[in-house]
Number of protein chains: 2
Amino acid sequence: MPGNERATHVTARTPTDAVRDIPEATVARLPVYLRALTALADGGTVSCSSEQLATAAGVNSAKLRKDLSYLGSYGTRGVGYDVEYLRYQIAREIGVTQDWPVVIVGIGNLGHALANFSGFRSRGFRVVALLDADHTLHEQQVAGIVVRPFDDLEQIVRENDVAIGVISVPAFAAQDVADRMVSAGISSILNFAPIVLTVPPGVDVRKVDLSIELQILAYHEQRKAHGEPV
Amino acid sequence: MPGNERATHVTARTPTDAVRDIPEATVARLPVYLRALTALADGGTVSCSSEQLATAAGVNSAKLRKDLSYLGSYGTRGVGYDVEYLRYQIAREIGVTQDWPVVIVGIGNLGHALANFSGFRSRGFRVVALLDADHTLHEQQVAGIVVRPFDDLEQIVRENDVAIGVISVPAFAAQDVADRMVSAGISSILNFAPIVLTVPPGVDVRKVDLSIELQILAYHEQRKAHGEPV
DNA sequence: TCCGTTTTGTTCTCGCGTTCACAAACTCCT
DNA sequence: AGGAGTTTGTGAACGCGAGAACAAAACGGA
């Protein structure tokens with residue numbers, strides 16, 4: 001995805017700050033590489049070539065090598081990459097060597113699914129709270145975590161130093177939730193509500209939208225059917 | 001696909017086929033415009049400028065106009081766009097003026113949430129079947145639809161002319177499900193399993209991956225914290 | 001009818017991302 | 001030790017997308 005217009009990314013950077021900045025397109029692929037490396041490691045693979053890893057990640061090897069080159073030189077020419085070493089380096093670069101605390105707001109069907117999603121814990125995230133405005137849900141346990149009132153947001157963010165929030169409420173409530181999150185100190189939001197969120201500069205928003213994905217598929221599907229009569 | 005590596009898009013096009021081909025980046029935004037127009041129409045707005053619509057869709061107006069220009073000239077200079085007319089034109093271009101039949105495979109937590117997702121019906125899709133290999137789920141109703149055995153896939157695809165499949169099974173089962181879908185005749189897949197699917201040319205795959213989205217946020221979050229001490 | 005105002009549709013330029021192609025560097029074998 | 005074979009890391013070319021800027025077209029008022 002060129003540029004990646006899904007993320008509203010605003011970062012203040014000081015001139016002295018000589019941190020390599022990694023292209024957004026590359027950042028979006030690092031998690032894929034990380035997962036592929038984890039799978040290789042689980043399978044007992046100790047070392048791999050860029051070709052192998054690229055295949056596992058579903059990209060071509062030139063792109064993979066260029067992406068990795070932004071992080072540094074972690075391979076050995078003529079040999080390949082040490083799986084465990086590279087895995088750690090990518091995890092460190094992404095920032096998932098320790099767990100990030102996350103709050104989920106909106107415990108409907110989707111919120112349930114998210115709370116139960118095992119990938120959270122295994123991939124560098126920890127759900128510290130489930131919130132919902134509906135008081136009939138409070139005190140209920142979901143995935144071993146008790147659902148609390150939405151108004152507890154500020155307290156929870158403060159106490160757990162939460163930076164990432166997940167919004168899985170209906171569209172009409174999403175902007176309000178986002179506003180409260182931002183004012184509580186959250187600066188990265190993953191939004192499942194089908195609406196365009198407005199947030200101040202410095203806050204990152206990524207959206208996941210089922211109907212958009214389906215409609216993109218529908219477009220191509222229509223093309224196939226139309227282009228060549230089967 | 002250079003524009004969007006999330007979709008494996010292979011389309012055979014005949015030389016005589018003079019269908020405008022719309023850039024992938026534009027295709028990905030059309031559903032957003034469609035939604036914004038629907039919201040405007042619901043709010044009673046009859047006509048709007050590119051500026052208004054762009055704001056509602058969260059893009060800048062130049063980009064919006066350029067995107068729309070790929071579809072044709074549906075606006076009036078000095079006036080703007082007729083909301084209902086433009087909405088229909090975009091829906092037609094995407095191919096959601098009629099409903100697309102969809103099957104969902106994997107009725108766990110996420111599958112439940114997807115089955116209950118109201119946006120399906122309202123945005124051009126119709127869930128014709130819920131499938132799961134776990135026979136303890138069969139005969140159960142989810143969102144008013146009875147869960148059927150995975151082995152019914154071929155029959156269902158044939159009888160309902162299904163082109164789009166949704167995969168919400170665990171990662172280890174996803175490739176098998178995809179293979180079965182493809183051989184049953186499905187040519188567009190929305191994959192929620194955290195794995196890279198391999199499919200033959202001509203089949204589109206889009207993936208939705210929660211941990212990847214979170215990890216991208218984590219990367220930027222780490223940067224913010226590191227770059228400037230709050 | 002004519003002119004000013006508004007807003008679209010399009011052209012142009014710039015920057016980013018992808019890919020190719022190759023030099024550098026490492027291993028292995030003789 | 002030296003050469004053949006591998007594989008990484010990167011410089012350069014190319015193509016696509018974003019945004020600015022402007023010409024074309026429609027409307028309204030005098």
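By convention in this document, chain letters (A, B, ...) are assigned in the order of the sequence lines, proteins followed by strands, and residues within each chain are numbered from 1.
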Presence of [X] side-chain N/O under 4.0 Å of [N] phosphate oxygens OP1/OP2:
{"X": "B:Arg29", "N": "D:dA18", "result": "yes"}
{"X": "B:Asn60", "N": "D:dA18", "result": "no"}
{"X": "A:Tyr81", "N": "D:dG9", "result": "yes"}
{"X": "A:Ser50", "N": "D:dT7", "result": "no"}

Between [N] atom [atom2] and [X] atom [atom1], what is the distance in whole Å?
{"X": "A:Glu24", "N": "D:dA18", "atom1": "CD", "atom2": "C1'", "answer": "16 Å"}
{"X": "A:Lys63", "N": "D:dC14", "atom1": "NZ", "atom2": "P", "answer": "19 Å"}
{"X": "B:Leu71", "N": "C:dG9", "atom1": "CG", "atom2": "C1'", "answer": "13 Å"}
{"X": "B:Tyr70", "N": "C:dT10", "atom1": "OH", "atom2": "C1'", "answer": "10 Å"}
{"X": "A:Leu68", "N": "D:dT7", "atom1": "CG", "atom2": "C1'", "answer": "13 Å"}
{"X": "A:Leu64", "N": "C:dC20", "atom1": "CG", "atom2": "P", "answer": "14 Å"}

Checklist outcome for this item: Sorted by position of nearest nucleotide on DNA chain C, 5' first, the leading residue of B:Thr76 and B:Lys66 is B:Thr76
Checklist entry - Please, which pairs that meet side-chain hydrogen bond (donor to acceptor under 3.5 Å, both in side chains) have at least one residue in residues 160-175 of chain B, sequence neighbours excluded? => result B:Gln175-B:Asp179
Checklist entry - Going by the side-chain hydrogen bond (donor to acceptor under 3.5 Å, both in side chains) test, which pairs reach into residues 40-50 of chain A, not counting sequence neighbours? => result A:Ser50-A:Arg65
Checklist entry - Does one side chain, of A:Ser188 or A:Asp204, offer a donor that lies under 3.5 Å from an acceptor on the other? => result no
Next on the checklist: From the set C:dT11, C:dT18, D:dT8, return the single nucleotide nearest to any side-chain atom of A:Ala25.
Outcome noted: C:dT18
Checklist entry - Which of these nucleotides, C:dT19, C:dA24, C:dG9, is closest to any side-chain atom of A:Arg77? => result C:dA24
Next on the checklist: Show, in sequence, the C-alpha distance, side-chain angles and deciding distance for A:Tyr219 and A:Arg223, and conclude whether the side-chain hydrogen bond (donor to acceptor under 3.5 Å, both in side chains) test is met.
Outcome noted: CA-CA 6 Å; A:Tyr219 171 81; A:Arg223 284 257 154 151; 3.3 Å; yes
Checklist entry - Does any N or O donor sit under 3.5 Å from an N or O acceptor when you compare the side chain of A:Arg65 with the base of D:dG9? => result yes
Checklist entry - Do A:Arg35 and B:Asp209 meet the salt-bridge criterion of a basic N to acidic O distance under 4.0 Å? => result yes
